[in-house]
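Atoms considered below: every heavy atom in the structure, side chains included; atoms not considered: hydrogens, waters and symmetry mates. Given the structure is predicted, the values throughout are model-derived calculations rather than measurements.
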Amino acid sequence: QVQLVESGGGLVQTGGSLRLSCAASGRTFSSYPMGWFRQAPGKEREFVATISQSGVVTNYADSVKGRFTISRDHAKNMVYLQMDSLKPEDTAVYYCAARTYTTLSAYSSGYKYWGQGTQVTVSS
């Protein structure tokens, strides 16, 4: 079992930055890839970024590439999402997720464990 708790969301102006954190506990956190997803009102949950168990390999959605950075700290059992140059269309609830397979995935169905989400609102 893996427990995930996100934090760091909030209200920010266009062009601003936020850093989301995901605290993981239980099982063997460092053994599996992690991901960030987001869901805006009235829209389906969408992939944002994923990171390999080693932290060396990362993938991003085209919409956030060059603006967001995913990272992980095994010593602290943490995953981060640094979000820069934020736009109003980035407004959503952001979720941290953990896989139980070693390959990366951009599909929400490929993740078994989810956090409760943290709200990010970008004002224009």
Side-chain angles (χ1 to χ4, degrees):
Q1 191 76 9
V2 174
Q3 292 79 40
L4 303 173
V5 179
E6 304 95 334
S7 61
L11 174 64
V12 64
Q13 291 186 333
T14 297
S17 297
L18 281 175
R19 186 197 196 201
L20 304 184
S21 298
C22 173
S25 61
R27 206 161 173 178
T28 51
F29 163 76
S30 62
S31 298
Y32 300 105
M34 300 289 291
W36 284 97
F37 289 77
R38 67 187 181 185
Q39 187 166 18
K43 294 188 177 181
E44 302 218 341
R45 190 169 297 188
E46 66 173 0
F47 168 74
V48 175
T50 185
I51 187 167
S52 64
Q53 53 268 49
S54 68
V56 172
V57 181
T58 57
N59 285 335
Y60 297 92
D62 288 343
S63 59
V64 307
K65 202 169 293 183
R67 300 187 298 122
F68 290 12
T69 303
I70 188 172
S71 61
R72 68 190 300 168
D73 184 334
H74 288 300
K76 297 181 179 179
N77 281 357
M78 297 290 290
V79 178
Y80 304 100
L81 185 69
Q82 177 66 40
M83 306 187 295
D84 299 318
S85 302
L86 282 162
K87 305 174 182 180
E89 50 264 44
D90 294 319
T91 295
V93 176
Y94 283 71
Y95 298 91
C96 175
R99 275 175 66 74
T100 54
Y101 297 95
T102 56
T103 54
L104 300 185
S105 175
Y107 298 97
S108 59
S109 58
Y111 292 77
K112 183 174 182 179
Y113 301 104
W114 293 83
Q116 83 290 348
T118 185
Q119 176 71 47
V120 172
T121 303
V122 185
S123 63
S124 56

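- Screening residues 48-70 for salt bridge (Lys or Arg N to Asp or Glu O under 4.0 Å) gives Asp62-Lys65, Arg67-Asp90 as the qualifying pairs, with residues at least two apart or on separate chains.
- In this structure, Tyr60 contributes its side chain and Ile70 its backbone to a donor-acceptor pair below 3.5 Å.
- Residue Val12 is grouped with residue Phe68 when hydrophobic side chains (ILVMFWY) are merged at heavy-atom distances under 4.5 angstrom, including chains of intermediate members.
- Listed here is the closest heavy atom pair of Pro33 and Thr102: CG-O, 3.5 Å.
- Here Val57 pairs with Ser52, Leu104 under the side-chain contact (heavy atoms from CB on, under 4.5 Å) rule; sequence neighbours left out.
- Cys96 has its side chain within reach of Trp36: a pair of non-hydrogen atoms, C-beta onward, lies under 4.5 Å apart.
- We find the NZ-OG distance between Lys87 and Ser63 to be 8.0 Å, quoted to the nearest 0.5 Å.
- A continuous path of hydrophobic side-chain contacts links Leu20 to Val48 [ILVMFWY only; heavy atoms under 4.5 Å].
- Residues Phe37 and Tyr111 bring their aromatic ring centres within 6.0 Å.
- Gln13 has its side chain within reach of Ser123: a pair of non-hydrogen atoms, C-beta onward, lies under 4.5 Å apart.
- Ile51 and Phe47 fall into different hydrophobic clusters, where Ile, Leu, Val, Met, Phe, Trp and Tyr residues are linked whenever their side-chain heavy atoms come under 4.5 Å apart, directly or through other members.
- Remark: Ser71 pairs with Tyr80 by the side-chain contact (heavy atoms from CB on, under 4.5 Å) rule, at least two apart or across chains.
- At distances below 3.5 Å, at least one donor-acceptor pair connects side-chain atoms of Thr91 with backbone N or O atoms of Val122.
- Taking Ser109 as the reference, Tyr107 meet the side-chain contact (heavy atoms from CB on, under 4.5 Å) condition, with sequence neighbours excluded.
- From Thr69, atom OG1 reaches atom CG of Leu81 across 8.0 Å, with rounding to the nearest 0.5 Å.
- Every residue two or more places apart in sequence or in another chain that forms a side-chain contact (heavy atoms from CB on, under 4.5 Å) with Asp84 is listed here: Ser17, Gln82.
- Closest non-hydrogen pair, Pro88 versus Ser124, comes out as CG-CB, 3.9 Å.
- Contact detail for Gln116 and Val5: the closest heavy-atom pair is OE1-CA, 3.7 Å.
- Linking ILVMFWY side-chain heavy atoms closer than 4.5 Å, directly or via other members, places Met34 and Met78 in two distinct hydrophobic clusters.
- Pairs passing the salt bridge (Lys or Arg N to Asp or Glu O under 4.0 Å) check and including a residue from residues 41-50, sequence neighbours excluded, read Arg38-Glu46.
- Residues Arg99 and Tyr32 approach most closely at O-CB, 3.1 Å, considering heavy atoms.
- Residues Val79 and Met83 share a hydrophobic cluster, clusters being chains of Ile/Leu/Val/Met/Phe/Trp/Tyr side chains in contact below 4.5 Å.
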Stepwise side-chain contact (heavy atoms from CB on, under 4.5 Å) check, Tyr94 with Glu6: CA-CA 8 Å; Tyr94 283 71; Glu6 304 95 334; over 6 Å; no
